[in-house]
Amino acid sequence: MAAMKPRTGDGPMEVTQEGRSLIMRVPIDGGGRLVLEIDNDEAEALKACLIDAVGE
């Protein structure tokens, strides 16, 4: 039987590289995490959107 990991929303936002994809984990209100698998092009588009929103 595989080990079970606790499912918590506690912890920082993080991005890790797994193969050719980036895995982004974002804590959400109410517990849990939003997990996104994105490629480099999508990451660059997200970066541009965030820069526009923040105003840098």
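What's counted below: heavy atoms across the whole structure, side chains too, no hydrogens, waters or symmetry copies. The first residue of the sequence shown is numbered 1, and numbering continues consecutively from there.
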Give a yes or no on whether the backbone of Gly19 and the side-chain of Gln17 come within a donor-acceptor separation of less than 3.5 Å. yes

Correct closest heavy-atom pair for Leu22 and Asp39 would be CD1-O, 4.5 Å

Looking at CE of Met24 and CG of Leu36, how far apart are the two atoms once the value is rounded to the nearest 0.5 Å? 5.0 Å

Does Glu44 reach the main-chain N or O of Asp41 with its side chain, forming a donor-acceptor pair under 3.5 Å? no

Electrostatic pair Arg25-Glu37, nearest N-O below 4.0 angstrom: no

Please report the interatomic distance CG(Asp29) to CG(Leu34), rounded to the nearest 0.5 Å. 12.0 Å

Determine, using the 4.5 Å side-chain heavy-atom cutoff (strictly less than), whether Met13 and Leu46 are members of one ILVMFWY cluster. yes

Residues in side chain to side chain donor-acceptor pair (under 3.5 Å) contact with Glu14, at least two apart in sequence or another chain: Arg33

Kindly determine whether Val15 and Ile23 satisfy side chain to side chain contact (heavy atoms under 4.5 Å, CB included), including the steps that lead there. CA-CA 5 Å; Val15 178; Ile23 306 299; over 6 Å; no

